[in-house]
Novice: 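Structure provided below as structure tokens; questions to follow.
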Amino acid sequence: MFEKTEALKKLFTEKVAKATATSDIEQLRIEFLGKKGSVQALMQELRNVPNEGKKEAGQKINEAKQYIENAITEKIAELKKFEEQKLIEATESYDESMPVSVDYGSYHPITLVRREVEQIFLSMGFSVEDYSEITDDYNCFEALNIPKHHPARDMQDTYYLSSNQLLKTHTSAAQNTILRKYKSNLENGNPIRAIFPGRCFRNEKIDACHENTFFQMEGIMVDENISISNLIYFMKTMLSEVFQKDITVRLRPGFFPFVEPGFELDIQCLICGGDGCPSCKDSGWLELCPCGMIHPNVLTAAGIDPEKYTGFAFGLGMTRLAMMRYGVKDIRVFNSGNLKSLSQFTEKSFTNPSNESKEA
Ligand code: PHE
């Protein structure tokens, strides 16, 4: 029996060495340890062994069985490791030069204009602030010198939530928060300079020029001796960059309770150059950006001394700017979700994710 068990171990060792997959091992397990396998066959032979040698022969068979079982466990572990490694190598070995066939879509035209304007203001030392779309009566109106029952609220009816909150009607709703956030700048001798783009909501009758959901970009600058000429300078620089040409602006008086004096900033019509055309309704000017000097009550509400500091604020209509930039005649295109329309303005659209990191 000794020779037989040794021969069996040898045979198994040879066969297991040739196994290259876990499925091969399963075959070997059946062949050697199964009900009709080699070990079981030796057990049958035990009957023919004389009594005095039975015990030892049985031990030999058990030993061989144990040997095979251990070898199987070891081999399975080894093969699993090998198979995992092969899988890792297979997934890693892709060809980087292969063109990506998936179309990753395009940026929304408002995103494009917003990013461009952000870059310009960043280069002029402004920080870009984020502010939620849900706000409250205090921030949206009271802190902006619009008390309850003020007629200016009529133009800014919006969507009220059951929590006494509301969807912001203008980006000015963040003025108080941002002024408070940065007022320590002033004590340290630095100006407050921030822009805060955002989505705004109003209860509007929708047509080609009006939407209930639109984008603005608010900007504020506060310091000692800030005047209207600073405001005009920043607006002119930004617009000339966006349109890539020298832009002529003018100010008309405009009323907003949170600025004093308040203005409507117009730009000279880019289509006719100021001579008058259908786009500018023959006036030669296009209304673009309400603005003004921050009202002393607004500064006081943020804990800033209006005797010492002054500042300007503007509310750039991003949706209006995108319409002018891309020649979009109907505002409803922007919220339409119509990819055929929206993707065509995208000079920076990308079909390869690597372009996105360049863009960002
Ligand atoms: N928040 C005003 C609006 O949406 C615009 C504005 C902003 C006016 C800043 C003056 C200064 O109508």
Side-chain angles (χ1 to χ4, degrees), residues 110 114 117 121 126 128-129 131-133 135-147 150-159 166-179 192-204 209-222 226-236 238-239 249-267 286-299 301-302 304 306 309-323 331:
I110 291 186
R114 193 201 73 216
V117 177
F121 276 105
F126 284 69
V128 181
E129 302 294 325
Y131 187 73
S132 66
E133 287 167 1
T135 185
D136 55 22
D137 192 88
Y138 178 77
N139 281 289
C140 203
F141 303 120
E142 299 256 348
L144 292 168
N145 202 30
I146 313 176
H150 192 289
R153 289 197 181 204
D154 285 355
M155 283 149 61
Q156 299 203 8
D157 186 21
T158 183
Y159 303 90
L166 48 100
L167 298 187
K168 71 171 181 237
T169 59
H170 51 175
T171 42
S172 307
Q175 276 196 21
N176 188 268
T177 307
I178 310 285
L179 286 172
I192 299 176
R193 274 178 296 191
I195 52 168
F196 26 111
R199 197 198 310 254
C200 304
F201 307 86
R202 283 187 203 177
N203 182 8
E204 287 278 1
C209 305
H210 299 89
E211 250 292 9
N212 57 21
T213 305
F214 54 95
F215 286 81
Q216 290 186 339
M217 182 176 295
E218 194 89 355
I220 49 171
M221 179 167 186
V222 179
I226 294 291
S227 72
I228 296 163
S229 35
N230 296 105
L231 168 66
I232 295 172
Y233 167 79
F234 280 108
M235 296 318 288
K236 235 182 112 121
M238 184 276 292
L239 293 168
V249 301
R250 76 170 184 192
L251 294 180
R252 281 182 295 118
F255 175 71
F256 304 93
F258 38 96
V259 283
E260 180 58 38
F263 306 102
E264 290 285 357
L265 184 138
D266 298 335
I267 64 170
L286 290 165
E287 196 179 302
L288 184 68
C289 180
C291 53
M293 300 306 292
I294 301 178
H295 196 286
N297 288 356
V298 175
L299 292 174
I304 294 171
Y309 301 103
T310 49
F312 65 74
F314 61 84
L316 184 64
M318 290 301 288
T319 304
R320 168 73 58 95
L321 192 62
M323 284 172 88
I331 195 172

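In listed order, ligands and their atoms are each counted from 1.
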Novice: Give the residue, atom name and distance (to 0.1 Å) of the protein heavy atom nearest atom 5 (C) of ligand 1.
Specialist: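 The answer is P290 CG, 3.5 Å.
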Novice: I'd like to know if the side chain of K168 and the backbone of C140 have a donor-acceptor N/O pair within less than 3.5 Å.
Specialist: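 No; zero donor-acceptor contacts below 3.5 Å.
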Novice: Does any N or O of ligand 1 fall below 3.5 Å from an N or O anywhere on E218, backbone included?
Specialist: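 There is no such contact.
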Novice: Would you mind telling me which of T169, T158, D137 makes a side chain to side chain donor-acceptor pair (under 3.5 Å) with R153?
Specialist: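 Option passing the side chain to side chain donor-acceptor pair (under 3.5 Å) with R153: D137.
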Novice: Could you find the nearest protein heavy atom to atom 11 (C) of ligand 1 and give me its residue, atom name and distance?
Specialist: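 Heavy-atom neighbour on the protein nearest atom 11 (C) of ligand 1: A313 O, 3.6 Å.
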Novice: Going by the order shown, which atoms of ligand 1 are within less than 4.0 Å of some heavy atom of G315?
Specialist: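 Answer, ordered by atom number: 7 (C), 9 (C).
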Novice: Answer with yes or no whether F263 contacts ligand 1, where contact means a heavy atom under 4.0 Å from a ligand atom.
Specialist: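 So F263 does not count as touching ligand 1.
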Novice: List the closest protein heavy-atom neighbour of atom 2 (C) of ligand 1: residue, atom name, distance to the nearest 0.1 Å.
Specialist: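 Checking every protein heavy atom, the shortest distance to atom 2 (C) of ligand 1 gives F258 CZ, 3.6 Å.
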Novice: Which of the numbered atoms in ligand 1 are below 4.0 angstrom from a heavy atom of F314?
Specialist: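 What qualifies from ligand 1 is 7 (C), 9 (C).
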Novice: Give the intermediate values and the outcome of salt bridge (Lys or Arg N to Asp or Glu O under 4.0 Å) for residues E287 and R252.
Specialist: CA-CA 10 Å; E287 196 179 302; R252 281 182 295 118; 3.3 Å; yes
Novice: Out of H295, R202, M217, Q175, who is nearest to atom 4 (O) of ligand 1 when you count heavy atoms only?
Specialist: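 Heavy atom nearest to atom 4 (O) of ligand 1 belongs to R202.
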Novice: Report yes or no: does a heavy atom of M155 sit under 4.0 Å from some atom of ligand 1?
Specialist: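 M155: no contact with ligand 1 (<4.0 Å).
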Novice: Between ligand 1 and C291, can you find any atom pair, the residue atom being a heavy atom, that is separated by under 4.0 Å?
Specialist: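 The answer is yes, since C291 has a heavy atom less than 4.0 Å from ligand 1.
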Novice: When you measure from the side chain of Q216 to the backbone N and O of T171, does any donor-acceptor pair fall under 3.5 Å?
Specialist: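 Yes, because the side chain of Q216 sits within donor-acceptor range (under 3.5 Å) of the backbone of T171.
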Novice: Donor-acceptor pair, N145 side chain versus P257 backbone, under 3.5 Å?
Specialist: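 Yes, N145 side chain to P257 backbone: donor-acceptor pair under 3.5 Å.
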Novice: Output yes when the distance from some N or O of ligand 1 to some N or O of S172 is under 3.5 Å, and no in every other case.
Specialist: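 Yes.
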Novice: Would you call the rings of F312 and F234 parallel, tilted or perpendicular if under 30° counts as parallel and over 60° as perpendicular?
Specialist: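 Ring orientation of F312 relative to F234: tilted.
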Novice: Is a donor on one side and an acceptor on the other found under 3.5 Å between the side chain of N230 and the backbone of S227?
Specialist: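 Flag set: sc N230 to bb S227 pair under 3.5 Å.
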Novice: Check whether H210 reaches the backbone of I331 with its side chain - one donor and one acceptor, N or O, closer than 3.5 Å.
Specialist: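 Not at all, since once roles are kept as given, no pair shorter than 3.5 Å links the two residues.
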